[in-house]
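Reviewing the structure listed below.
Just so you know, residue 1 is the first one in the sequence shown, and it goes up from there.
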Amino acid sequence: FSKFELEFVDRYYLGFMGYLKVVSRVGKVWGSLPYPMLLNHKGNDSYYYDNKAFNLMNPFEFVSDEQVTLMLSHHFNGLLMNQVPLFKRLHWRSLVFGRAAMGRLSPRHEKVVVLPDGLPEMTEPYVEVGAGMENVLRIIRVDFLWRLTNIGPNTQVFGINFAIQPRL
């Protein structure tokens, strides 16, 4: 088998509007493999924010042999929060973000190993969006997340995540 993954990361500074961070990934697997060796979309089932994962997706919720992901986050650097005197004094910073993934799974992999129940193919793009505050007490980030697609009966649609991000 052959596996190819490419990641692009860039930050675009927008003057007083803050900056936009873009992370995009593409990946493809050639050959027949069992599902643990395919491209598993990174999920996060904890309350700690993971900037490289989909925070409302469970680990091993989706698997693909071709995938494209896009993660955007816009950090306002005080553009909104500096309008409120208390938040300006606290130096809180607001941000919004969106994450999307699309993948495809070829049926040739089922010949190697049958996929377990609950590990479906991604039939529509996975999308989650959120808003948050950073620089709370100078080290804490709090995010509010919403899952927009691939919603099932036992799917978590809303979540609150925390992270420790010291700003020096």
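A donor-acceptor contact shorter than 3.5 Å is absent between the side chain of Asn135 and the backbone of Arg93. The closest donor-acceptor contact from the side chain of Thr149 to the backbone of Pro125 lies under 3.5 Å. Looking at Arg147, its side chain never comes within 3.5 Å of a backbone N or O of Glu128 through a donor-acceptor pair. In this structure, Thr155 contributes its side chain and Val157 its backbone to no donor-acceptor pair below 3.5 Å.
How far CD1 of Ile160 is from CZ of Phe162: 6.0 Å, rounded to the nearest 0.5 Å. Here the CZ-CG distance, from Phe16 to Leu79, works out to 6.5 Å after rounding to the nearest 0.5 Å. To the nearest 0.5 Å, the span separating CD on Gln83 from CE on Met81 amounts to 10.5 Å. Here Leu70 contributes atom CG and Phe8 contributes atom CZ; the two are 10.5 Å apart, rounded to the nearest 0.5 Å. Here the CG-OG distance, from Asp65 to Ser106, works out to 5.5 Å after rounding to the nearest 0.5 Å. Rounding to the nearest 0.5 Å gives a distance of 11.5 Å between CD1 of Ile151 and CD of Gln156.
Cluster membership check: Met17 shares its hydrophobic cluster with Leu20, using side-chain heavy-atom separations under 4.5 Å among Ile, Leu, Val, Met, Phe, Trp and Tyr. Hydrophobic clustering places Trp146 together with Val142 (ILVMFWY residues linked when any side-chain heavy atoms are closer than 4.5 Å, directly or through intermediates). Neither Met133 nor Tyr47 shares a network with the other; the hydrophobic side chains, linked directly or stepwise wherever heavy atoms of I, L, V, M, F, W or Y lie under 4.5 Å apart, form separate groups for each. Both Leu56 and Val23 are assigned to one and the same hydrophobic cluster, defined by single-linkage of ILVMFWY side chains at heavy-atom distances under 4.5 Å. Cluster annotation: Ile140 and Leu86 are assigned to the same hydrophobic cluster (Ile/Leu/Val/Met/Phe/Trp/Tyr, side-chain heavy-atom contacts under 4.5 Å, transitive).
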Inset, instruction - List the steps and the verdict of side chain to side chain contact (heavy atoms under 4.5 Å, CB included) for Tyr12 and Val22. - result: CA-CA 8 Å; Tyr12 300 99; Val22 178; 3.7 Å; yes

Legend entry - Derivation and outcome, side chain to side chain contact (heavy atoms under 4.5 Å, CB included), residues Leu148 and Val129: CA-CA 7 Å; Leu148 302 180; Val129 296; 3.9 Å; yes

Legend entry - Test side chain to side chain contact (heavy atoms under 4.5 Å, CB included) applied to Leu105 and Val63, step by step: CA-CA 7 Å; Leu105 183 63; Val63 66; 4.2 Å; yes

Legend entry - Gln165 and Ile139: CA distance, side-chain angles, deciding distance, side chain to side chain contact (heavy atoms under 4.5 Å, CB included) verdict: CA-CA 5 Å; Gln165 295 180 326; Ile139 61 170; over 6 Å; no

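No side-chain heavy atom of Met71 sits less than 4.5 Å from a side-chain heavy atom of Phe97. Using a 4.5 Å heavy-atom cutoff, the side chains of Tyr19 and Asn77 are in contact. Within the 4.5 Å cutoff, side-chain heavy atoms of Asn161 are placed close to those of Leu145. Proximity of Val96 to Ser73: side-chain heavy atoms (C-beta onward) are nowhere separated by under 4.5 Å. At least one side-chain heavy atom of Phe4 sits under 4.5 Å from a side-chain heavy atom of Leu6. Side chains of Glu66 and Val29 form no contact here, defined as non-hydrogen atoms less than 4.5 Å apart. For the pair Arg99/Leu72, no side-chain contact is recorded, criterion being any heavy-atom separation below 4.5 Å from C-beta on. Between Val136 and Trp92, the closest side-chain pair of non-hydrogen atoms falls below 4.5 Å.
The neighbour count for Lys88 NZ, taken as heavy atoms of other residues, nucleotides or ligands under 6.0 Å away, does not exceed 12. Within a 6.0 Å sphere centred on NZ of Lys21, other residues, nucleotides and ligands contribute 12 heavy atoms or fewer. Heavy-atom contacts from other residues, nucleotides or ligands closer than 6.0 Å to CG of Asp10 number more than 12.
With sequence neighbours excluded, the residues forming a ring pair (Phe, Tyr, Trp, His ring centres under 6.0 Å) with Phe54 are Tyr126, listed by chain and number. Shown here are the side chain to side chain contact (heavy atoms under 4.5 Å, CB included) partners of Asp50, two or more places apart in sequence or in another chain: Lys42, Asn44, Lys52, Ala53, Asn55. Glu5 pairs by the salt bridge (Lys or Arg N to Asp or Glu O under 4.0 Å) definition with nothing, not counting sequence neighbours.
Between Val127 and Ala100, the shortest heavy-atom contact is CG2-CB, 4.2 Å. The heavy-atom pair separating Ser64 from Leu38 by the smallest distance is O-CB, 3.5 Å.
Under a cutoff of 6.0 Å and an axis angle of 45°, Arg141 and Tyr49 form a cation-pi pair.
Remark: the Glu134 side chain and the His75 side chain contain an N/O donor-acceptor pair separated by less than 3.5 Å. Residues His41 and Thr69 have side chains that never bring a donor and an acceptor to within less than 3.5 angstrom of each other.
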